[in-house]
Protein chains: 2
Amino acid sequence: MEKHGRKTMQTVAERAGVSLATVSHVLNGTRFVSKTTAELVHKAVTDIGYVPNTIARDLARSSTSTIGLVFSLSVNAFFLDIISAIEAECQRDGLSVLLFDSNDDPAKEWRIVRDLHQRRVDGIILAPAGGPESAAIRYLHENRVPAVLVDRLADSRFDQVGLNNHDAIHLVTDHLCNLGHRRIALIPGHSTYTTTVERIEAFRANLSARGLLDDGLITPPAHTLQEAAEHTSRLLDSGHIPDAILAGNNLCTLGAMREISSRGMKVPRDLAIAGIDDFEWADSFEPRLTVVRQPCAEIGQTAARLIRRRVASIDAAPEAHRMTPSLIVRRSCGYMPAES
Amino acid sequence: MEKHGRKTMQTVAERAGVSLATVSHVLNGTRFVSKTTAELVHKAVTDIGYVPNTIARDLARSSTSTIGLVFSLSVNAFFLDIISAIEAECQRDGLSVLLFDSNDDPAKEWRIVRDLHQRRVDGIILAPAGGPESAAIRYLHENRVPAVLVDRLADSRFDQVGLNNHDAIHLVTDHLCNLGHRRIALIPGHSTYTTTVERIEAFRANLSARGLLDDGLITPPAHTLQEAAEHTSRLLDSGHIPDAILAGNNLCTLGAMREISSRGMKVPRDLAIAGIDDFEWADSFEPRLTVVRQPCAEIGQTAARLIRRRVASIDAAPEAHRMTPSLIVRRSCGYMPAES
DNA sequence: CGATGCTTTGAAAACGTTTGCACCCATTTG
DNA sequence: CAAATGGGTGCAAACGTTTTCAAAGCATCG
């Protein structure tokens, strides 16, 4: 371990008595170097404690082999599973991953996206906080940055991967109805997501087909946990309260439960509740939530695959992928009648 | 918006009819430029859609103004609050933040730290997964990378900021004892953290002073949620089960609850439980956990402050900060007797 | 013995910025 | 009127790599 002066490849080269080029080639395995010189170089590297400089390398290569991830980590724990899958997939491809937390704040999201682009990442995978009008989306499009949208499908000009919302809603409303619930309320998620639009649509279609549709039971979209709680409150204060609440995403689930709980109501005794998006602890705490689960690993893998393709050919036609949800039946909707 | 050729400052300079240097100075505000030329430059920039290249800039400046964050996002939701605070603080200082998820995997942690160093971040803030022997910690020390350790205080050669574990344990054991619990079990967290050692120490001291210490009620450290569940299981199968369990961190809390719940036991009816680390949903689900809460914002701010200082003077004497915990009394330990 | 081919290596031009130094011109000053 | 001042700008050398082009050494062959 030397004292401390900037160690560059030049230092290594001198120490090993070879040229700069040779050091580079040894380190990258990018052309044949005789065994003896290679060893000389390696020895020099460890002797002086040389650490490669990614910045210089990226500049010279005009490529970073890095993709940027922009998610809202705060409430959406399941994003972490998606991220893990993306990372695993990218690592296999020799790609680095830069993670950023957008906090679901469109302004912050935009700053992150711009920063990422200035850092010259090869591509960006984004769970957009805003709709097609959002600054981030516009930026990505105008600058032709290779990008993939996840979960909230905001804009069909991009590659997208998310849940099959139609199936998700049907899975859970069918379940609710089978258990005998009639007055089913919906608290939809963020209003600008097409995801939300689709879920509302599917919900109305399903209930309407059963003659159960009551638009008074569909609250306005909830953008925050607080808003979800407020909508729930209004629902419970209304003339005839619902006998089941379907929460459009985990933020809504948490908001609704907060309100229900603070009123001292019990689930499923006083009210059924079901959500979209699972929680790790859902099996251990009461009420044990019945939820629709997303195939996170699959979503992540697909996103990774799409971004690679997009990086390779920026002009390919955009693809949209819908993954199959599954229903996790627990106890928050009442007891399941025995199958006959 | 032009078709698509690499736009560099040179392009801008030609378009504006000025020199490369002037463009740079205009963009950075780094020396006076006459208003008219400045406007010329700005116009050229938007005309051709120039996007600055962070890589080249960092290389030329030999500095990235970036700090790396290495946390385990998966289980430790409260890390997100710490991260938010760090980000806010760094933004105020014009520093970028690169976030990485270590998954509490020492090997991955090491890879990340090395990658960050190769990217030439100014400093690293780390919630170490391993102890002082871990590859990451060793790497940081050997390469003299400015670093701050958070939460799990692994090595006194570094700046550190975490919880005052002594106070935390006393807060919650006192509470438990006041409620009449005698047989209090402890499920400690990851064994290599000094945090864990301190918590066990404080726990033993407190109970011992009350003549309540029973080493049979202290399980081995739990490294995963699964292990925590197993330790709980063993505890409950033992001859005389505890009347209260204190979980050393949120992973332990979740593991313990999983087991308790799967046995159909009710908290606090059959058993009291208290944890260290709060959950956002803890108020809405049963049992409503009584926990010790960390001052996340404060921890984050301190970490940011420390890393700045460390970056400025690599050889300053390391500081260790212990933040004051607070007890959040809910219902999982039984009902609080009225204060007299 | 000169030409040919193979193996191994080096020199130097990128990559896109920042920044120290010097320059030019117009104005003020002695 | 020459010299000093100062506002505004440009040149070119870094920054630490990658990579193209070509050369040097050496044996083989006709």
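The sequence lines fix the lettering, A, B, ..., with proteins before strands; numbering per chain opens at 1. In this text, all values refer to a predicted model and were calculated from it rather than measured experimentally.
Salt bridge A:Asp155/A:Arg138: absent, no basic N to carboxylate O contact under 4.0 Å. Ionic pairing of A:Asp101 and A:Lys108 is not present here: no N-O contact between side-chain nitrogen and carboxylate oxygen is shorter than 4.0 angstrom. Taking the charged nitrogens against the carboxylate oxygens, A:Asp315 and A:Arg310 have no contact shorter than 4.0 Å, which rules out a salt bridge. In this structure, A:Arg308 pairs ionically with A:Asp93, as a charged nitrogen and a carboxylate oxygen lie closer than 4.0 Å. With respect to B:Asp58 and A:Arg119, no salt bridge is recorded, no charged nitrogen being found less than 4.0 Å from a carboxylate O. Look at A:Asp115 and A:Arg111 and you find no salt bridge, because none of the NZ, NE, NH1 or NH2 atoms lies under 4.0 Å from a carboxylate O.
Side-chain proximity of A:Arg61 to D:dT18, C:dT17, D:dT20: nearest is D:dT18.
Side-chain contact between B:Phe100 and B:Leu116 is present, with heavy atoms from C-beta onward closer than 4.5 Å.
Rounded to whole Å, the distance from CE on A:Met9 to P on C:dG10 is 13 Å. Look at CD1 on A:Ile55: it is 13 Å from P on C:dT18, rounded to the nearest Å. Between the P atom of C:dG16 and the CZ atom of A:Arg119 lies a distance of 18 Å, rounded to the nearest Å. The nearest whole Å value for the distance from the CD atom in B:Gln118 to the C1' atom in D:dG16 is 13 Å. Between the CG atom of A:Leu59 and the P atom of D:dA14 there is a distance of 17 Å, rounded to whole Å. Atom CG in A:Asn53 sits roughly 7 Å away from atom P in D:dG16 (whole-Å rounding). Between the CD atom of B:Gln10 and the P atom of D:dA12 there is a distance of 12 Å, rounded to whole Å.
Only at 4.0 angstrom or more do the heavy atoms of residues 32-44 of chain A sit from any atom of DNA chain D, so none qualifies. Within residues 19-27 of chain B, the residues having any heavy atom under 4.0 Å from DNA chain D are, by residue number, B:Ser19, B:Ala21, B:Thr22.
Side chain of A:Asp122 to backbone of A:Ser65: a donor-acceptor contact under 3.5 angstrom is found.
Here the closest heavy-atom approach between residue A:Leu140 and residue A:Ala147 is recorded as CD1-CB, 4.0 Å.
Heavy-atom nearest nucleotides on DNA chain D were determined for B:Val18 and for B:Ala56, and the one closer to the 5' end corresponds to B:Val18.
How far NZ of A:Lys7 is from CG of A:Asn53: 13.5 Å, rounded to the nearest 0.5 Å.
No hydrogens or angles considered: nothing links the side chains of B:Gln91 and B:Glu87 as a donor-acceptor pair under 3.5 Å.
Counting non-hydrogen atoms under 4.0 angstrom, B:Asn28 reaches the backbone sugars and phosphates but no base.
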Nucleotide by nucleotide, 5' to 3', does protein get under 4.0 Å of the base (B), only the sugar-phosphate (S), or neither (-) in nucleotides 23-28 of chain D, counting heavy atoms?
------
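Taking 3.5 Å as the limit, the base of D:dT19 and the side chain of A:Arg31 contain no donor-acceptor pair of atoms between them.
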